[in-house]
Protein chains: 2
Amino acid sequence: MQVIWYTAMSMDGRLAGPGGDLSFLQSIDAGHEDEFEEFLADIDAVIVGASTVRWLEREGHGSMPTEGKPVWILTHDEELAGRMAEGPDRVIRREGDVGPVLDEIEIAGHGRVWICGGGDVAGQILALDRVDEVVLTVAPTALGSGPAMFDYAGPASAVFSLEELSRYGTNAVRIRWVRKR
Amino acid sequence: MQVIWYTAMSMDGRLAGPGGDLSFLQSIDAGHEDEFEEFLADIDAVIVGASTVRWLEREGHGSMPTEGKPVWILTHDEELAGRMAEGPDRVIRREGDVGPVLDEIEIAGHGRVWICGGGDVAGQILALDRVDEVVLTVAPTALGSGPAMFDYAGPASAVFSLEELSRYGTNAVRIRWVRKR
C-alpha cells in the first residue's frame with residue numbers, strides 16, 4: 001500500500017494562515033483542479049483528521065472532495081462523522097492511533113491512500129514512517145504562522161528522494177518526494 | 001537596502017529538529033560551503049538573533065561564520081554579545097524592535113544584509129515586509145517538529161516571485177524567491 005500526502009503549502013511549510021485562512025492559495029495561478037482530479041483518479045481510499053473535516057464544514061462543503069472513495073475519518077466526534085456520512089462518501093469513523101487504521105485500510109485491499117489532512121494526521125503517519133510519497137504545491141507566499149504540513153509532537157525524521165521538481169504556474173513550485181526504503 | 005534570508009530547511013519548513021538538531025542537513029549532499037562563500041562575498045552586514053548565537057556557542061563556534069562583516073545581534077544578553085565580540089567580527093548589540101535596527105544598518109550604508117537566523121528574527125522582518133529575498137536549500141528530509149523558517153506570532157503574509165528553481169545535489173532543492181514590490 002502507498003500512502004501519499006498531497007497538499008499545498010506556503011513557502012514556510014504551512015497549510016493555512018491564522019484561523020485556517022487559505023487565501024494564500026490564490027498566489028498559485030496554475031490549473032490546480034484538473035490536476036487534482038487526475039491525482040484522485042488513482043486513489044483508492046482517503047484518510048482525514050477531524051480538524052480538516054471541521055474546516056470543510058465551516059467552509060460550507062457538505063462532503064469530502066473525494067468522489068465516492070471510502071473515507072476513514074479520525075475523530076472521537078460521532079456527530080461530525082455522522083454529518084459527513086450524509087454525503088455521497090462511504091465514511092468509516094475511527095479513533096486512537098493511526099497505525100491500526102492504516103492496517104485496516106491495507107487489509108481492505110486499497111492500494112493508494114490519500115492523506116487529505118491535516119498536518120497532525122500526516123505527522124502521526126510520518127512518525128510511523130508510513131508516508132511513502134509527498135506531493136507538494138509550494139505557494140510563493142510566506143505566512144509566518146499557521147499549522148505545519150507535518151506536525152508531530154516528537155522526532156519523526158524521514159529522508160526522501162526527489163522525483164519531480166518544476167515550476168507550477170507563474171511563481172509556485174511543484175515537488176514530489178518519494179520515501180527511500 | 002536588500003534584506004536576504006538565506007538558509008537551509010527541512011521539506012516541512014523547519015530550521016532544526018527537536019533540541020536544535022541539525023543532522024537533517026546531512027541529507028543535502030551538494031558542495032554547500034563554496035556556494036555559501038560566494039553568497040557571503042556579496043553581503044555587507046549581518047543580523048542575527050540570540051537563539052542562533054547561543055546555538056553557535058553550544059556547537060563550539062567561537063564567532064559568527066561571517067568573515068569580518070559587521071554583525072548586529074538582537075539580544076538583551078550583554079554577556080552573550082560580549083563573548084561574540086571577542087571574535088574577529090565587529091559586533092553591535094541591539095534590543096527591542098527589529099525595524100529601527102534595520103534602519104540603522106541602512107543608514108550605515110550597507111547594501112545587502114543577511115538574516116543569519118533564526119526563524120523568529122526572519123519572521124519579525126517578514127511582518128514588517130522588509131524581507132526582499134529568500135534563498136532556500138530544501139533538504140529531502142521531513143522533521144515533523146522544530147522551529148519554523150518564518151516564525152511570527154501573528155499574520156505576516158507576503159507574496160514573492162520565483163526567480164530560481166533547481167535540483168541541489170542528489171535530492172535537495174534550491175529555491176530563490178524575490179519579494180514582489
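Note on naming: letters A, B, ... go to the chains in the order of the sequence lines (proteins, then strands), and numbering restarts at 1 for each one.
Ranking G13(A), A153(A), S145(A) against chain B, the residue ahead of the rest is S145(A), based on heavy-atom pairs under 4.5 Å. Annotation: maximal heavy-atom pairing with chain B below 4.5 Å, among A156(A), S27(A), S10(A), A158(A), occurs at A158(A). Top candidate by heavy-atom pairs under 4.5 Å with chain A, chosen from P155(B), G146(B), A122(B), G154(B), is G154(B).
Smallest separation of non-hydrogen atoms from S157(A) and T141(B): OG-CG2, 3.5 Å. Closest non-hydrogen pair, A172(B) versus L162(A), comes out as O-CD2, 3.6 Å.
Residues I175(A) and M11(B) are not in side-chain contact: their nearest non-hydrogen atoms beyond the backbone lie 4.5 Å or more apart. Looking at heavy atoms from C-beta onward, V173(B) lies in side-chain contact with W177(A) at the 4.5 angstrom threshold.
If you measure heavy-atom distances from F24(B) to chain A, you find no contacts under 4.5 Å at all. Heavy atoms closer than 4.5 Å to chain A are found in the backbone of A139(B), but not in its side chain. With a 4.5 angstrom heavy-atom cutoff, L143(B) touches chain A via backbone and side-chain atoms both. Contact of V134(B) with chain A is made through the side chain alone, with heavy-atom distances under 4.5 Å. The parts of S161(B) that come within reach of chain A are both its backbone and its side chain, each placing non-hydrogen atoms under 4.5 angstrom from that chain. Only the backbone of S166(B) comes within contact range of chain A, with at least one heavy atom under 4.5 Å from a heavy atom of that chain.
Residue F150(A) holds its CZ atom at 10.0 Å from CZ of R14(B), rounded to the nearest 0.5 Å. Here the CG-CG distance, from D12(A) to D12(B), works out to 11.5 Å after rounding to the nearest 0.5 Å.
In D21(B), the CG atom is crowded: over 12 heavy atoms of neighbouring residues, nucleotides or ligands sit closer than 6.0 Å. More than 12 heavy atoms of other shown residues, nucleotides or ligands fall within 6.0 angstrom of atom CG in D129(A).
Cluster annotation: I115(B) is connected to L74(B) through the hydrophobic network of ILVMFWY side chains, with a link wherever side-chain heavy atoms come within less than 4.5 Å. Linking Ile, Leu, Val, Met, Phe, Trp and Tyr residues whenever their side-chain heavy atoms come within less than 4.5 Å places M9(B) and W5(B) in a single cluster.
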